[in-house]
Structure formats: structure tokens, C-alpha cells
> 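A single structure is presented below for examination.
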Number of protein chains: 2
Amino acid sequence: MFVGMPEPISTWAIPLDTGSATPVYVQVAQGLAHRIESGQLRRGSALPAERDLAATLGVSRVTVRQALALLSQQGLLARRHGSGTFVTPPAQPGDLPSRPLSLLASFSEDVRSRGQTPGAQVLSFERARPTAHETMSLALSPNETVYRLRRLRTADGEPLAIEDSTLPASLVGELDQRAVQDASLYALLQARDLSPVRAIRHLRAVNADMHLAPLLGVSVGAALLATDRVSWLEGGRPIEYARAHYRGDRYDFVMELRGDAR
Amino acid sequence: MFVGMPEPISTWAIPLDTGSATPVYVQVAQGLAHRIESGQLRRGSALPAERDLAATLGVSRVTVRQALALLSQQGLLARRHGSGTFVTPPAQPGDLPSRPLSLLASFSEDVRSRGQTPGAQVLSFERARPTAHETMSLALSPNETVYRLRRLRTADGEPLAIEDSTLPASLVGELDQRAVQDASLYALLQARDLSPVRAIRHLRAVNADMHLAPLLGVSVGAALLATDRVSWLEGGRPIEYARAHYRGDRYDFVMELRGDAR
DNA sequence: AAGTGGTCTAGACCACTTT
DNA sequence: AAGTGGTCTAGACCACTTC
């Protein structure tokens, strides 16, 4: 395809060794990755169309797509249907602004402390019987019921996390969807004198599955920071079990550790 | 392919709506995911060969491969070249054993506290000029040099993390590869009276890139828990900057939070 | 309307694992 | 030797975005 004068096509030439042990699509991916990491391809710049790349490299379009998929999985590229493929070097650890430390803070406080505006959108709300896992985590007795709340959490309007909260109904009293819609859940608990004083939080990294990916606006397989948290009241009774999945590209978790090395 | 009597092929039938808005490969993936999540497919059980699945479903093999790739990205399936495709439901948060809390502990202590045996394999060791990021993190003055150490960290012999450590040469004194080979780095520092008393740690979730994936024995795109940590001595001087990438499927990070809710 | 990425096909050959 | 997943091709049509 001849266009006016965009970029010399020769810029996109990548030496390919078809007889090599490393697959062609990996060679293509490495070639492009090198251009990105060395700064030859600026953030946001567009790649040639798949068909053009295939033609200049002398490989099939499917092979080019395999290479682009590989780089997209790594977060180096973003593909926009009908528009093009663009360079999106992921945020480097080094260029993160130093942020306040996360303590026993709610999502809202956490986001606010980062200088952004928190938001929530209730995806589901129900009163139900607890699962086996919830029963154990919240130290429930048989026949107790729980409130279960799923919210999309946003920062400056952008999806940041999916948060699933479970609270023992017997402890929090009556709760309806309206009460939980706008305000911070912690603020609501605080109003009822149910502020947690201790929490244990697990953090893991997982790949986004088909259910979570569309909710967060990421592609399947994107890295998510998954956290499980159980919070206790002063007296030692569990008040909340919360599981959250944060977008890996939009969130980092900060903690401070003190004490002597042992 | 007719084999003896493995599984009725009809078990693998998935209703496909070729005219639907959702792509066929997604439908296939959802059908398989449902079987896995509902427990119809036990952990470790093998799927039919790609060619067989394609034949029974009436789609091309490429389409089947797209579906399997999707599930593989989510960690539901493991594909073994020459052997087959197997069900590997990822560890659920709920079925993790409760583990001791991570404090200001070294990797070795951390792994040991989980009841496993830590190991290390030095991938590279050098004395060099610091990068701009290292200079800032370690508060170095110009012209200072650093030791840079890259190690594969293992638990019970299995790859668990890649750890990149940077230490100011002026502070730690002479260091050679032998000294750093077997022992814990923290133990070595402790011997020189250089135990950190405070650290700040950032955690994020990232997708494994082409460099890290093979080192950790995971596929490109697998979720990794990335941590950045700066440690300080009693006097407030930075003694170590460490970046680690943990396998998301083998590691979870635990922390305890105290204080009143505010 | 033109250009882009997304999906799908049918077939081929290679590389690895198991028997 | 047989069966498996891995790679690659050439071509087709669809869906979305931009002009």
C-alpha cells in the first residue's frame, strides 16, 4: 500500500532466519520489542497495518498476528479494532511517583491519597447463605446469612478494581442497596460503630479471566493484582471478607516494613 | 480417530451458534471453562486432541487452538508439546493454607517460614555504574559504583522468583561471586553489621515478558507479582534496592495491618 | 468508501513424547 | 511408528473506525 510519505517502509525490515530454531513469529516479536524498548518507537505511535507488515517481512498475516499477540500479552502493544496497533510501553517501576503508604485504609481513602477521585458502581447486592469459604473466613455459625456486594471501583472514572465484599448479616444489621450505593462501605460501618482495627491481607498475581476482563476493560490474560482481606473488630469478631482484583497496569500496592531484620 | 473406549465423544459436544455475535472460539472456550469450573473435568485430566476436538465440533483446528490458547492464558489449561492438553485449575484463594506473615524478612526466611527449602542460583554478578533509577533509589552520589546481582530463587528446587539486587559498593565493601553464591544475601550483610531496619516495598502485577518467562518456567503473559523494595540501615542510609518477580501461581504475599480504621 | 483489526477455513509440515 | 501440540501458509469474509 503506497501512502503519501509516512515512514520509509525499510524502517520496518527485520532480519528473519527461516531456518532458525526460534519461530519466525518470535523473531518478529523480538525485532519489534527491541525497537520499542530502545525508544525507536515512541509511545503511542502506530505500527504498520498487519497486511503491510506481512508483505514487507515476507510472511503470512497469521504469523504477524501471532507476533503482535505475543507483544500485546506483554503489554507492549495495544490493538484497536478498526484503528490500528499502537505502542504502549507499560509503566516502569522506576517512574512511579512515590505514594503514601497503604495502611488499614479503605479503597476510597486509598485512591484519594493518590490524588484521584474514587467511585463505585454496584454490580450486584444480595443477602444469601455463605459459602464454605466465607463461613470459615468470617467464623460464622451455621444458619447465619451474609450480605454479598460486588462493586466496580473506579479512580477518576476509570475502572480500577472489582471488589467483592461479604459481611455477616447478624453483625451489620439491616442493609439495602441504597445504603451501599454511593458512600464508602467503611464509612457506613463506622457510622454503626463497626470499624475494623485489624486486617490480614493476601496478595497474588493472576491472569484476568473471561468474566473479569470485560468488567475492568482489559483483555483476557492481563495481569491483575488479586487481594483477599479479612477485617476484625476490636473484640476480635470478623466484620468483613473482601476480595478485590486490581488492574495491574493502574495500581501498585505500597507497604512499609519496620523492625530489625530478624 | 477411533480409540478403544476412552470417553464417549459426545461428552465433548458443545452447542455452537455460528451466527452469534460471540466468536466461535470464545464459545468453545466458555464451554470448556464451564466443564472445568463445574468439576466435570478433573484436575490433570487430558482433553481430546486438537484435531479430534475440531472434528467433533465441526470447526477448524486453528479455531480450537484459539480457544485453548484463551484458556491457557487464564491458567485453566496446560499444554504439553507432544503429550497433550491438561486441566490445571489454578489455586483458589480459599484453598491456600494460612501462612505466617511477611515482615522485614529475606527471601530465604520467607520461604523457610512457608515450610519449604529456599535456594538460589546466581545468573549474573557485576560491579558497575548505577542507572539513573538506582542512583535515585539508593541516594547515591555521582561516581559511586554498585554491585548488581541477579538470582533465580527457588523453593524446594522449583523456580519461584527472579531477584535483582543492587547494593552501593561503598557501603558493603568488597564482594565477589563466591561470597554471594550460596548464602542468603541478608546473612552476608548481617555479618558485616549492615542489617536493614526499615524497607518500603511496592507490589504490582505484570505479565511475564519474553526475557523472564523462560527463566521462571512459565509461558509469556503469565501473571507475575512484581515487587520493588528499598531497604535502609539504622542511620537512614539505603543499603539495598531489590526488584523481584514472583510466579503468580506459586506465591502469595501476606501482610497484617493494625491500627484504627482511620 | 477505504482502511483497519478480528475471525475462520483447509491443509501442510515440523518437533516433541510416548509406545 | 504413532500421536500430540507447534508453526506456517494463502485466502476469504466480517466488524469497527475514520474520513
Side-chain angles (χ1 to χ4, degrees), chain A residues 1-4 6-7 12 16-30 32 45-73 77-88 210 213-214 219-221, chain B residues 1-4 6-7 12 14 16-30 32 45-73 77-88 213-214 219-221:
Chain A
M1 291 290 159
F2 281 80
V3 210
E7 279 275 345
W12 293 104
L16 296 183
D17 179 4
T18 35
S20 164
T22 60
V24 175
Y25 77 92
V26 173
Q27 294 182 45
V28 173
Q30 286 173 339
L32 293 174
S45 64
L47 262 58
E50 295 174 353
R51 291 164 179 81
D52 294 351
L53 257 183
T56 53
L57 297 178
V59 298
S60 79
R61 187 177 160 218
V62 179
T63 302
V64 168
R65 280 181 63 77
Q66 270 182 290
L68 297 183
L70 200 61
L71 296 174
S72 178
Q73 279 174 29
L77 294 180
R79 307 165 88 178
R80 270 179 266 158
H81 192 170
S83 175
T85 301
F86 303 85
V87 177
T88 60
M210 288 184 288
S219 50
V220 170
Chain B
M1 289 287 160
F2 282 80
V3 210
E7 279 274 346
W12 294 103
I14 293 174
L16 295 183
D17 178 3
T18 35
S20 164
T22 59
V24 175
Y25 78 89
V26 174
Q27 294 182 44
V28 173
Q30 286 173 339
L32 293 175
S45 64
L47 261 59
E50 295 175 353
R51 292 164 178 81
D52 294 349
L53 257 183
T56 54
L57 297 178
V59 298
S60 80
R61 187 177 159 217
V62 179
T63 302
V64 167
R65 280 180 63 77
Q66 271 183 289
L68 298 183
L70 200 61
L71 296 173
S72 178
Q73 278 173 28
L77 294 179
R79 307 166 87 180
R80 270 179 267 158
H81 193 171
S83 175
T85 301
F86 303 86
V87 177
T88 60
S219 50
V220 169

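Residue numbering restarts at 1 for every chain, and letters A, B, ... go by the order of the sequence lines.
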> Out of C:dC8, D:dG6, D:dT4, which nucleotide sits closest to the side chain of B:A49?
D:dT4
> State whether A:T85 places a side-chain N or O below 4.0 Å from either non-bridging phosphate oxygen (OP1 or OP2) of C:dT4.
no
> Do you know which two heavy atoms are closest between A:L32 and A:L47, and how far apart they sit?
CD1-CD2, 4.2 Å
> Could you identify the nucleotide paired to D:dT18, looking across every strand shown and requiring Watson-Crick or G-U wobble geometry with both distances under 3.5 Å?
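For D:dT18, the partner nucleotide comes out as C:dA1, under the 3.5 Å rule.
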> Mind listing the closest non-hydrogen atom pair of A:Q73 and B:V220 along with its distance?
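Distance-wise, the nearest heavy atoms are OE1-O, 3.2 Å.
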> Could you pull out the closest heavy-atom pair between A:T56 and A:L53, with the gap in Å?
OG1-O, 3.0 Å
> Do you know which two heavy atoms are closest between A:Y25 and A:L70, and how far apart they sit?
CE1-CD2, 4.2 Å
> How long is the line joining CZ of B:F86 and P of D:dT4, in whole Å?
11 Å
> Send over the distance from A:E50 CD to D:dC16 P, rounded to a whole Å.
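In whole Å, D:dC16 P lies 16 Å from A:E50 CD.
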> Can you see which heavy atom on B:L16 is nearest to which on B:V24, and at what distance?
CD1-CG1, 3.9 Å
> Can you give one letter per nucleotide of nucleotides 10-19 of chain C, going 5' to 3': B for a protein heavy atom under 4.0 Å from the base, S for sugar-phosphate only, - for none?
B-BB-BBS--
> Rounded to the Å, how far apart are A:L47 CG and C:dG3 C1'?
16 Å
> Taking atom P of C:dC8 as reference, at what distance in whole Å does atom CG of B:L68 sit?
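Value for this atom pair: 14 Å.
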> Measure the distance from CG on B:L70 to P on C:dG6 and round it to the nearest whole Å.
14 Å
> Compare every heavy atom of B:A46 with every heavy atom of B:F86, then report the nearest pair and how far apart it is.
CE2-CB, 3.6 Å
> Looking at B:Y25, I'd like to know whether one of its side-chain N or O atoms comes within less than 4.0 Å of OP1 or OP2 on C:dT7.
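Yes.
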> Report yes if some heavy atom in the side chain of A:R61 is under 4.5 Å from a heavy atom in the side chain of A:Q66; otherwise report no.
no
> Please give, in whole Å, the distance from D:dG5 C1' to B:L77 CG?
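Nearest whole value for this atom pair: 13 Å.
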> May I have the distance from A:L16 (atom CG) to D:dC8 (atom C1'), rounded to whole angstrom?
13 Å
> I need the CG-C1' distance between A:D52 and C:dG5, as an integer number of Å.
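Checked: the CG to C1' distance equals 12 Å.
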> Does any nucleotide pair with D:dA12 by Watson-Crick or G-U wobble geometry, both distances under 3.5 Å, and what is it?
C:dT7
> As a test of reading the structure: which of D:dG5, C:dC8, D:dC8 is closest to the side chain of B:Q66, going by heavy atoms?
C:dC8
